[in-house]
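First up is the structure itself, then whatever we jot down about it.
Given the structure is predicted, the values throughout are model-derived calculations rather than measurements. Positions are given from 1, in the same order as the sequence printed here.
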Amino acid sequence: MQAVDLVVIGGGITGVGIAQCAQAAGYSVVLLEKDNLGEKTSSNSSKLIHGGLRYLESGQLGLVRQSLSERKALLTLAPELVKPVPFYIPLYRGSQRGPLAIRAGLSLYALLSELDPLGQFQSVPASRWSELAGLKLKGLRAVFRYWDAQTDDGALTRAVAQSARQLGAELLTQVSLEQIEHRPDSCIVSFNAGGAMRRLSSRCVINATGPWVNQTLERVIPKVEVSALELVQGSHLVLDIPAPRGIFYLESIFDKRVVFVMPWQGKTMIGTTETPIDAVDAAGVTPAEEAYLLGIYRHYFPLCENDGALEGRITGRYCGVRVLPKQGGEAFDLPRDTMMLSRDTHPNLLTVYGGKLTTFRHTAKEALAWVKSRCGPKPICADVDKLRLTPVADESMVSQSPSAKGDFSPQKG
């Protein structure tokens with residue numbers, strides 16, 4: 001039976017980020033993913049690397065500062081994958097937020113970015129409003145432009161996975177987790193790969209399975225206490241409409257939420273919703289969400305239907321599922337901080353609740369601190385703050401078939 005320092009369960013952006021960070025710090029890492037890397041939530045986000053301007057309203061200044069710091073790092077480390085893009089905030093008569101409030105928010109946003117050049121914002125003169133992708137001009141009072149960044153979330157996940165593998169981490173896909181046996185000084189992880197049962201002995205295990213965290217914990221023996229979760233799906237629509245030259249930050253006409261209209265692969269994407277669901281298997285774009293998103297788009301871009309009904313121009317629908325703390329209230333108002341929990345009864349097991357695309361590196365470093373507390377320090381292999389992330393030409397290069405490895409022993413007995 002192979003012995004390693006760390007087994008990571010889950011091959012989304014959080015899992016591969018942890019694998020990269022831990023392997024770079026000198027630990028031996030094996031990652032297990034039931035499907036393909038980044039195939040679920042990590043390829044169904046809003047594709048944004050951003051500070052989260054709206055989080056300022058709920059006082060989450062620490063999260064915004066952290067996100068802006070990570071935005072800056074990713075623009076440097078992954079310039080082919082993370083690109084700066086202008087955001088436009090139009091304000092109308094009757095908007096919930098007035099020009100003074102937006103200007104104050106953008107000023108704070110710039111300050112929290114530590115005066116990063118990307119933090120600059122400006123008021124777009126009225127003479128330029130007609131150039132904004134057919135945006136409704138009636139009742140328009142002001143338009144502000146600021147900057148954040150956009151990425152291909154699936155491609156970024158694969159790039160991080162490739163970096164982890166190049167450092168020496170083993171990334172195994174298409175495997176089924178069977179059991180995590182927690183022992184006083186280690187965990188025995190049993191999984192099915194290609195019909196064969198295999199086992200790993202690991203000093204530490206990190207559960208980074210996103211919306212499936214509690215399902216993963218059901219595989220742990222002795223039984224471990226689980227935390228109550230709120231599962232919230234975020235749906236998006238892709239329309240066969242030429243992509244705008246920037247991203248529109250729009251106040252919903254139905255509630256107090258914010259919705260983005262953005263370019264995506266030459267078309268226009270609208271998102272996202274925040275709809276509570278009872279189980280991950282129930283996720284899927286609903287007719288109500290479709291009507292919600294199309295209603296917002298029609299309101300702000302009234303000329304769009306001159307070329308045909310919007311419903312007939314939908315070329316893609318997708319949704320990701322977020323994990324939020326069970327606190328009651330509206331999903332929009334719940335905190336977005338990532339939480340990590342290791343029970344006293346199971347000190348060798350860490351569960352990651354939540355996780356944001358933008359802050360995956362920060363999450364990985366926090367997880368690494370926990371690994372160090374369990375395993376002690378190791379000779380460092382590489383500095384993750386200097387490792388470039390580049391697009392992956394061949395997806396198969398970042399995953400490995402466990403059946404091809406000779407060091408996984410079949411489970412006996």
Side-chain angles (χ1 to χ4, degrees), residues 13 17 45-91 97-129 131-133 135 142-153 155-156 159-160 163 243-251 258 260-264 269 336-337 356-365 383-391:
I13 190 67
S45 75
S46 293
K47 325 295 184 188
L48 301 179
I49 300 296
H50 64 136
L53 180 62
R54 76 172 183 83
Y55 300 144
L56 293 178
E57 291 186 306
S58 53
Q60 299 180 68
L61 302 187
L63 177 60
V64 174
R65 181 186 289 109
Q66 177 192 115
S67 300
L68 289 169
S69 176
E70 290 302 316
R71 181 192 70 181
K72 182 177 181 179
L74 286 169
L75 283 165
T76 300
L77 296 174
E80 297 171 87
L81 293 162
V82 179
K83 306 282 188 180
V85 60
F87 282 61
Y88 296 94
I89 306 177
L91 300 176
R97 304 160 183 88
L100 289 178
I102 295 299
R103 186 177 292 278
L106 289 173
S107 297
L108 179 56
Y109 203 60
L111 184 63
L112 291 173
S113 73
E114 298 181 345
L115 303 182
D116 185 319
L118 217 60
Q120 298 177 4
F121 70 94
Q122 65 181 132
S123 177
V124 179
S127 60
R128 305 291 301 275
W129 293 352
E131 302 172 16
L132 297 176
L135 183 71
V143 178
F144 289 92
R145 186 184 74 174
Y146 73 102
W147 292 83
D148 258 320
Q150 188 176 32
T151 190
D152 180 326
D153 44 6
L156 180 62
V160 178
S163 176
R245 286 182 289 182
I247 295 177
F248 289 89
Y249 182 108
L250 303 174
E251 186 179 280
V258 167
F260 295 107
V261 169
M262 65 195 88
W264 181 243
M269 183 168 71
R336 293 309 199 263
D337 299 275
K356 288 174 59 61
L357 177 67
T358 300
T359 57
F360 78 88
R361 296 175 70 257
H362 181 86
T363 300
K365 290 174 182 179
D383 183 351
V384 290
D385 290 329
K386 296 180 180 178
L387 291 175
R388 292 292 292 266
L389 300 172
T390 57

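- Contact between Ala364 and Gly17 at its shortest, heavy atoms only, is CB-O, 3.4 Å.
- In this structure, the separation between CG on Leu56 and CG on Leu112 is 6.5 Å, given to the nearest 0.5 Å.
- Side-chain N or O atoms of Ser67 include none that pairs as donor or acceptor with a backbone N or O of Gly52 at under 3.5 Å.
- For Gln122, the CD atom sits in a packed shell: over 12 heavy atoms of surrounding residues, nucleotides or ligands are nearer than 6.0 Å.
- Panel note: side chain Trp129, backbone Val124; a donor-acceptor pair is recorded below 3.5 Å.
- At a threshold of 4.5 Å between non-hydrogen side-chain atoms, the residues Val64 and Leu108 do not count as touching.
- Remark: Tyr55 OH to Leu61 CG distance equals 13.5 Å, nearest 0.5 Å.
- Nearest heavy-atom pair across Val85 and Gly246 is CG2-CA, 4.3 Å.
- In plain terms, the two heavy atoms of Phe121 and Arg103 that are nearest each other are CZ-O, 3.9 Å.
- Gln120 places no side-chain N or O within donor-acceptor distance of the main-chain N or O of Ala110, the cut-off being under 3.5 Å.
- Of the possible donor and acceptor atoms, none in the side chain of Ser163 sits under 3.5 Å from a partner among the backbone N and O of Ala159.
- Separating the NZ atom in Lys386 from the OG1 atom in Thr76 is a distance of 13.0 Å, to the nearest 0.5 Å.
- A salt bridge links Glu131 and Arg128; the closest N-O separation between the charged side-chain nitrogens and carboxylate oxygens is under 4.0 Å.
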Verdict with supporting geometry, Phe248 and Leu135, side-chain contact (heavy atoms from CB on, under 4.5 Å): CA-CA 9 Å; Phe248 289 89; Leu135 183 71; 4.2 Å; yes
Intermediate values then yes/no, side-chain contact (heavy atoms from CB on, under 4.5 Å), Leu53 and Val258: CA-CA 10 Å; Leu53 180 62; Val258 167; over 6 Å; no
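- We find that Arg97 and Glu57 are joined by a salt bridge, their nearest charged nitrogen and carboxylate oxygen being less than 4.0 Å apart.
- Annotation for Arg245 and Pro86: closest pair O-CG, 3.8 Å, computed over non-hydrogen atoms.
- Considering only heavy atoms from C-beta on, Asp152 stays 4.5 Å or farther from Lys47 through its side chain.
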Check against side-chain contact (heavy atoms from CB on, under 4.5 Å), Val143 and Leu91: CA-CA 6 Å; Val143 178; Leu91 300 176; over 6 Å; no
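- Separating the CG atom in Leu250 from the CD1 atom in Ile89 is a distance of 9.5 Å, to the nearest 0.5 Å.
- Checked options Leu48, Leu68, Ile49; the residue passing with Thr358 is Ile49 (criterion: side-chain contact (heavy atoms from CB on, under 4.5 Å)).
- Residues Asp148 and Lys83 are not paired through a salt bridge, judged by the lack of any N-O separation under 4.0 Å between the basic side chain and the carboxylate.
- Rounding to the nearest 0.5 Å places CG of Leu389 at 7.5 Å from CG of Leu387.
- For the pair Pro117 and Trp147, the minimum side-chain heavy-atom distance is 4.5 Å or more.
- The backbone N or O of Gly51 lies less than 3.5 Å from a partner atom in the side chain of Tyr109, making a donor-acceptor pair.
- Ring-plane geometry between Tyr146 and Tyr249 is classed as perpendicular, the angle between the planes exceeding 60 degrees on a 0 to 90 degree scale with a lower cut at 30.
- Counting all heavy atoms, side chain and backbone alike, Met269 lies closest to Ser46 at CE-O, 4.1 Å.
- Leu75 pairs by the side chain to side chain contact (heavy atoms under 4.5 Å, CB included) definition with Arg71, Val82, Pro84, Leu118, Ala149, not counting sequence neighbours.
- Side-chain contact check for Gln66 and His362: at least one donor-acceptor pair (N or O, by modelled atom type) lies under 3.5 Å.
- Paired with Glu70 under the rule side chain to side chain donor-acceptor pair (under 3.5 Å), one option of Arg65, Lys356, Arg361 passes, and it is Arg361.
- Classification of the Phe87-Phe260 ring pair by plane angle, with boundaries at 30° and 60°, yields perpendicular.
- Considering every non-hydrogen atom in both Trp264 and Thr151, the closest pair reads CZ3-O, 3.8 Å.
- Rounding to the nearest 0.5 angstrom, the gap separating the CD1 atom in Ile13 from the CZ atom in Phe360 is 4.0 Å.
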